[in-house]
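For reference, positions follow the sequence shown, starting with 1.
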Amino acid sequence: MCSEKGSRCTSMLLLALATAAIIASLLLYFPNGQVLQPDKITDLVWFFHGFLGAGFLVMVSALLLLRRGGEGYCAHRCRMLFPVLLATQGTIGAMYCVVISSLGLLSGPFCDTGSGNYTYPFRNDSLKENYLFNQPTWATCKEPKNIVLWNMVLFSILLGIGAMEAVLCLSQVVSGLCGIFCGRCIRKGQVNITGL
């Protein structure tokens, strides 16, 4: 049901994924490595889905899950409620990242189409003629250079990271719930007499 080693490995993997999400999210603020005015950056970046969702919420959950673990930890039902709540928090943060990253991929980048005005040229496309599957339309965006590829790669990375984190956190929730319902509850100082 619940494994201390499995929980520790999952927490370490969640820490690495959260760090990668923060880095990918930070790169979205510098399209093609350029520093732009804040009003020239894609609006969905300002939802902080990589920092807050897949980054901070998951990182806090993973760190606290690492600290709370220990010998015989999973054997006690009473001690499993807090990790379940932490893993639920991580799942919510990861799902937030998945939703915003999906929207970022679907709506496309905020770019200059050559007129000097920044706009979302791909925002209301149908899924059949979506820019994701039609590479020649990427030339619509003139500035910043390679912004379509930049946004696609980073939003895809964040989508993948968020999905992996959601699966890992959900596995922790399921494991913790199994520990709660199938484990034993021994309070400090109480003696287990089932072996007598």
Side-chain angles (χ1 to χ4, degrees), residues 10 13-63 86-173:
T10 301
L13 186 56
L14 284 171
L15 281 174
L17 288 170
T19 304
I22 289 171
I23 291 169
S25 186
L26 183 64
L27 289 173
L28 279 170
Y29 289 94
F30 304 101
N32 205 31
Q34 299 173 347
V35 178
L36 297 178
Q37 300 281 332
D39 60 339
K40 293 183 178 179
I41 295 175
T42 304
D43 60 355
L44 290 169
V45 173
W46 298 104
F47 282 81
F48 301 109
H49 62 290
F51 286 122
L52 181 64
F56 181 71
L57 289 176
V58 173
M59 191 173 281
V60 167
S61 299
L63 286 171
L86 287 173
T88 303
Q89 170 189 312
T91 303
I92 291 168
M95 291 306 298
Y96 175 69
C97 182
V98 166
V99 169
I100 300 298
S101 296
S102 299
L103 290 173
L105 278 172
L106 289 175
S107 66
F110 190 56
C111 63
D112 180 4
T113 56
S115 62
N117 293 328
Y118 275 69
T119 184
Y120 291 96
F122 310 114
R123 190 153 262 181
N124 292 320
D125 285 353
S126 67
L127 287 179
K128 275 186 185 176
E129 300 168 6
N130 195 297
Y131 78 101
L132 293 171
F133 310 109
N134 192 1
Q135 191 171 357
T137 63
W138 295 4
T140 305
C141 287
K142 307 293 185 216
E143 280 296 319
K145 195 172 182 175
N146 299 323
I147 184 67
V148 177
L149 186 61
W150 186 267
N151 271 20
M152 275 182 47
V153 167
L154 291 173
F155 275 119
S156 296
I157 288 171
L158 285 167
L159 178 66
I161 287 173
M164 285 189 284
E165 287 177 343
V167 167
L168 290 171
C169 287
L170 262 172
S171 73
Q172 289 294 99
V173 169

Quiz prompt | Exceeds 12 heavy-atom contacts within 6.0 angstrom, atom CZ of Phe51 | solution = yes
Exercise. First locate atom CG of Leu14, then atom CG of Leu86, and finally report the distance between them rounded to the nearest 0.5 Å.
Key: 11.5 Å
Quiz prompt | Residues, nucleotides or ligands: over 12 heavy atoms within 6.0 Å of Phe56 CZ | solution = no
Quiz item: Looking at OH of Tyr96 and OG of Ser101, how far apart are the two atoms once the value is rounded to the nearest 0.5 Å?
Solution: 10.0 Å
Quiz item: With no hydrogens and no angle check, is any side-chain donor or acceptor of Asn32 less than 3.5 Å from a backbone partner on Asn146?
Solution: no
Self-check item: Val173 and Cys169, any side-chain heavy atoms less than 4.5 Å apart
Solution: no
Self-check item: Derivation and outcome, side chain to side chain contact (heavy atoms under 4.5 Å, CB included), residues Leu106 and Phe122
Solution: CA-CA 8 Å; Leu106 289 175; Phe122 310 114; over 6 Å; no
Quiz item: Where is the tightest heavy-atom contact between Ser61 and Leu57, given as atom of each residue plus distance?
Solution: OG-O, 2.9 Å
Practice problem: Show the numbers, then the answer: is there a ring pair (Phe, Tyr, Trp, His ring centres under 6.0 Å) between Tyr29 and Trp46? | Solution: CA-CA 9 Å; Tyr29 289 94; Trp46 298 104; 5.0 Å; yes
Exercise. Can you measure from OG1 (Thr10) to CG (Leu13) and round to the nearest 0.5 angstrom?
Key: 7.0 Å
Quiz prompt | Residue list, disulfide (SG to SG under 2.5 Å) with Cys141, at least two apart or on another chain | solution = Cys111
Quiz item: Can you tell if the side chain of Leu44 reaches within under 4.5 Å of the side chain of Ser107, non-hydrogen atoms only?
Solution: yes
Quiz prompt | Contacts of type side-chain contact (heavy atoms from CB on, under 4.5 Å), residue Val99, not counting sequence neighbours | solution = Leu103
Quiz prompt | Any donor-acceptor pair under 3.5 Å from Lys145 side chain to Lys142 backbone | solution = no
Exercise. Report the distance from atom CD1 of Ile22 to atom CE of Met59, rounding to the nearest 0.5 Å.
Key: 4.0 Å
Practice problem: Identify, with sequence neighbours excluded, every residue that meets side-chain contact (heavy atoms from CB on, under 4.5 Å) alongside Thr119. | Solution: Thr113, Pro121
Quiz prompt | For Tyr120, ring pair (Phe, Tyr, Trp, His ring centres under 6.0 Å) partners two or more places apart | solution = Phe110
Quiz item: Under the side-chain contact (heavy atoms from CB on, under 4.5 Å) test, which residues partner Gln135, sequence neighbours left out?
Solution: Trp138
Could you list the donor-acceptor pairs under 3.5 angstrom formed between side-chain atoms of residues 148-165 and any protein atom two or more places apart in sequence or on another chain?
from: Trp150; atom 1: NE1; to: Leu27; atom 2: O; distance (Å): 3.1
from: Asn151; atom 1: ND2; to: Thr42; atom 2: OG1; distance (Å): 3.1
from: Ser156; atom 1: OG; to: Met152; atom 2: O; distance (Å): 2.6
from: Glu165; atom 1: OE2; to: Ala18; atom 2: N; distance (Å): 3.2

Quiz item: Between Ser171 and Leu168, is there a donor-acceptor pair closer than 3.5 Å when you use the side chain of the first and the backbone of the second?
Solution: yes
Practice problem: Starting at CG of Leu28, measure out to CD1 of Ile23 and round the result to the nearest 0.5 Å. | Solution: 12.5 Å
Exercise. Indicate yes or no for a side-chain donor-acceptor contact from Thr19 to the backbone of Leu15 under 3.5 Å, with no hydrogens or angles considered.
Key: yes
Quiz prompt | Spacing of Ile147 atom CD1 and Lys40 atom NZ [to the nearest 0.5 Å] | solution = 12.5 Å
Practice problem: Taking all non-hydrogen atoms of both residues into account, name the closest pair between Val58 and Ala54 and its distance. | Solution: CB-O, 3.6 Å
